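When a ligand or atom number is given, it counts from 1 through the structure's own listing order. Keep in mind that this is a model prediction, so the values were computed, not measured.
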Amino acid sequence: MAEERTGKRRLAPEDIYEIALVSDAQISPDGQRVAFVRTVLDRERNDYRSSIWLVDVAGGEPVRFTTADARDSFPRWSPRGDRLAFLSNRSGKDQVWLISLGGGEAQQLTRFPEPVTHFAWSPDGTTLAVVTKAETAEPPEKEPEPETDVVRITRIRYRSDGTPGFLDEKRSHIWCVPVDGGRPWQVTSGDFDESWPAWSPSGHEIAFVSNRTPDREYNTVSEIWAVRASGGEPRPVATGDAAYFFKPVWSPDGTVLAFTGHREPFAGSSRNHQLWAVAAGGGEPASLTSALDRSVEDEVLTDTAASSKPGPIWAPDGRWIYTQVSDQGNVHLYRIPAGGGEPQLVVGGRRRVVDFSLSADGSLIACTVSEPLNPCDVIVCSADGSGERRLTRVNEEFFATVELSEPEEVWLPSASEDRRPIHAWIMKPIGFREGVRYPLVLEIHGGPHAMYGNVYFHEFQLLAAQGYAVLYTNPRGSQGYGQQFLSCTRGAWGEADMPDLMGAVDAVIERGYIDPSRLGVTGGSYGGFMTNWVIGHTDRFKAAVTQRCVSNLASFYGTSDIGFHFGEHEIGGTPWEQPELYRRLSPLTYAPQMKTPLLILHSEQDYRCPIEQAEQLYVWLKKLGRTVEFVRFPDESHGLSRSGKPKHRVERLQHILRWFAEYL
Ligand SMILES: CSCC[C@H](NC=O)C(=O)N[C@@H](CC(C)C)C(=O)N[C@@H](Cc1ccccc1)C(=O)O
């Protein structure tokens, strides 16, 4: 028994309650301390709690800095480093709160009637630029009673996965809020949604992201604009129908704006995001990373992380721009020469740099990192990556008590004609013994343009703890291997990537410790599409679990929050232009061939892959007399496995284990 050999127990679904998540490591301007967010799952309340913590860069125990029983997030240092602003839901909705480093209670700064979603300090520390949908700065004395609960829909985009679900007519705008008293003022207005405010170094202007094209309801354009901080008409910086730009940041001398993105809005995540620079006055943006052939966004998937919103950061001398780069299952920190030239790796290794920040003089960097056997910790290093030190050991005690399986990173030949090597990870079951043959679960990621990688994945560890070998791969269509690889699945969902998956399965079987008659398969979203696709095209799998899946591309087009543009680009036309293609690429078409016992897991409020996708598959297979079961999660969205109610997350994991225990 593994337990006897190691003195450690096996991981269990409920262990998600034992794992604390740290994120958003923000180093103080003087480089002395790091503020970060610590998130825990609250079993009693079936909810999440998060607080701001501080740790000295010189070392020592981290201390809890905000103490409310709430969700505190997004800590940002004032330019002088004497206080922190952060978001908190203590008053009901997320608002900005301020806390002095000298001591004392946090004070509520904003009281908008709608949540604040993002903010940025002005360079002089007097004002915050705040993003909210609020139309006034103060809540009404009494919330008006809605006249009806009937929803009238006139726009093509009328719902969005997650909170709030159905979209209202309100728009996200930028407000300025004086930090030490005074009335907030609205900076932008109109029928546009603004985000990501970035102050110019002089404090006179705010750059932001918006779609101000006339056809914005139907396109996916994302432009960079700038507006005077006092308000007025915004001016275009990097705009137009070919703009898919995000996360603007000013050079220290205010002459250049850098941002991320690409020039093919409908292609969305199927194109590498590059780092761009444009004259702050506007003009033609130039890519600084076109030769890199990688995305400068974090494209890695996991079920164990708290979200943070890192964007590029300029070094204070203006020579470099720091950015994440997704590369072959890792997310690294690079610095890109602002004037063009070779990107330099700063924080590398088999891991994901989840977020990062720089001290005011640019000499120190703080990052949150995630590794295969450690979900998250805060590290600090010098500007070139040297002298790295770990400042937290958040889950060290817990992981000392459970046995984990170390993923083996391998390249396995595809079963396609080109036999292309596919990047993959194999986890041996806990308690592995030579000479024994084990069941194997193939995990398929979503996107399709995301990637698995060198991060902790609770679901995978749990399967290994239950005695399964686990195989996860980055087949064609995945991020991290260059644009050509990324584009392979366009108009070829399932057809292009299934041979990669099957080649990897065969290569693992050849290692001799897998029982080929006990293969399982699972995946979520596009991974659910692929699970359906695979069992419609082979009977080699003995059990399958399809999660938040797509089964019918034609109905996905009209029901998903992104169906009308994502589906159209990915498939290559509309259902009425390409009915045969939609039929050919829909897993439901192959339902009569599906024989594998299938568990369907789906959230009822999933607006990304609406539950009708699961319902169709369930009824077709039931009518065909197949072994199929349907588990519905009420009040959950597409993000159930990562951000759902903790109890539902545990139940989801239990259902997966139950199904494989019964049929595999
Ligand atoms: C708003 S455009 C991005 C769409 C995104 N694709 C990324 O490549 C996406 O939502 N893909 C879905 C499948 C699609 C609805 C058919 C998907 O597979 N999602 C995955 C991966 C993912 C996770 C978190 C954020 C983005 C993608 C999933 O939910 O696990």
Side-chain angles (χ1 to χ4, degrees), residues 157 159-162 211 219-222 244 246 261-262 264-273 295 297-307 309 326 331 352 354 443-453 455 457 459-460 472 474-480 485-490 493-494 497 522-533 545-571 582 585-587 601-603 605-614 636-644 649 652:
R157 281 195 181 89
R159 58 182 187 173
S160 169
D161 188 60
N211 179 353
N219 68 34
T220 53
V221 163
S222 181
Y244 194 63
F246 306 91
H262 60 69
E264 226 186 295
F266 275 113
S269 51
S270 70
R271 288 205 73 79
N272 282 328
H273 284 237
S295 176
E297 293 288 344
D298 177 351
E299 311 282 4
V300 89
L301 295 173
T302 173
D303 60 356
T304 311
S307 72
K309 303 175 180 171
S326 287
V331 182
R352 168 191 182 203
V354 182
E443 289 270 1
I444 311 176
H445 76 62
H449 312 298
M451 62 181 188
Y452 280 143
V455 290
F457 217 116
E459 180 181 321
F460 302 175
Y472 49 106
N474 283 335
R476 263 163 257 236
S478 300
Q479 277 282 0
F485 195 77
L486 194 55
S487 304
C488 286
T489 43
R490 189 166 179 210
W493 280 20
D497 37 352
T522 185
S525 198
Y526 181 81
F529 168 95
M530 281 306 296
T531 301
N532 302 340
W533 182 268
V545 181
T546 188
Q547 309 178 47
R548 56 186 186 282
C549 76
V550 176
S551 65
N552 180 345
L553 288 170
S555 64
F556 171 82
Y557 179 94
T559 55
S560 168
D561 61 349
I562 60 169
F564 74 97
H565 59 86
F566 181 78
E568 192 170 325
H569 173 82
E570 288 282 329
I571 303 305
Y582 272 68
L585 296 183
S586 286
L601 304 180
H602 220 105
S603 297
Q605 255 51 259
D606 188 335
Y607 294 156
R608 180 61 42 92
C609 299
I611 196 160
E612 59 89 27
Q613 294 287 322
E636 295 290 357
S637 69
H638 195 67
L640 163 69
S641 63
R642 318 169 262 250
S643 55
R649 286 177 61 184
R652 173 188 158 273

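Side chains of His638 and Asp606: a donor on one and an acceptor on the other come within 3.5 Å. A side-chain donor from one of Ser555 and Gln613 sits under 3.5 Å from a side-chain acceptor of the other.
Within a 4.0 Å radius of atom 17 (C) of ligand 1, the protein contributes one or more non-hydrogen atoms. For atom 26 (C) of ligand 1, no protein heavy-atom neighbour is found at a distance under 4.0 Å.
For ligand 1, none of its N or O atoms has an N or O atom of Trp493 under 3.5 Å away. The shortest N/O to N/O separation between Ser560 and ligand 1 does not fall below 3.5 Å.
In this structure, Phe529 does not count as a contact residue of ligand 1, since none of its heavy atoms falls inside 4.0 Å of the ligand. Contact analysis leaves Gln479 out of contact with ligand 1, as no non-hydrogen atom separation drops below 4.0 angstrom.
Which parts of ligand 1 touch Phe556 is read off a 4.0 Å heavy-atom cut-off, strictly below it: atoms 15 (C), 16 (C). The distance from ligand 1 to the heavy atoms of His449 drops below 4.0 Å at these ligand atoms: 8 (O).
Under 4.0 angstrom from ligand 1, the non-hydrogen atoms of Arg548 all belong to its side chain. Using a 4.0 Å cut-off between heavy atoms, Cys609 contacts ligand 1 through its side chain alone, with no backbone atom that close.
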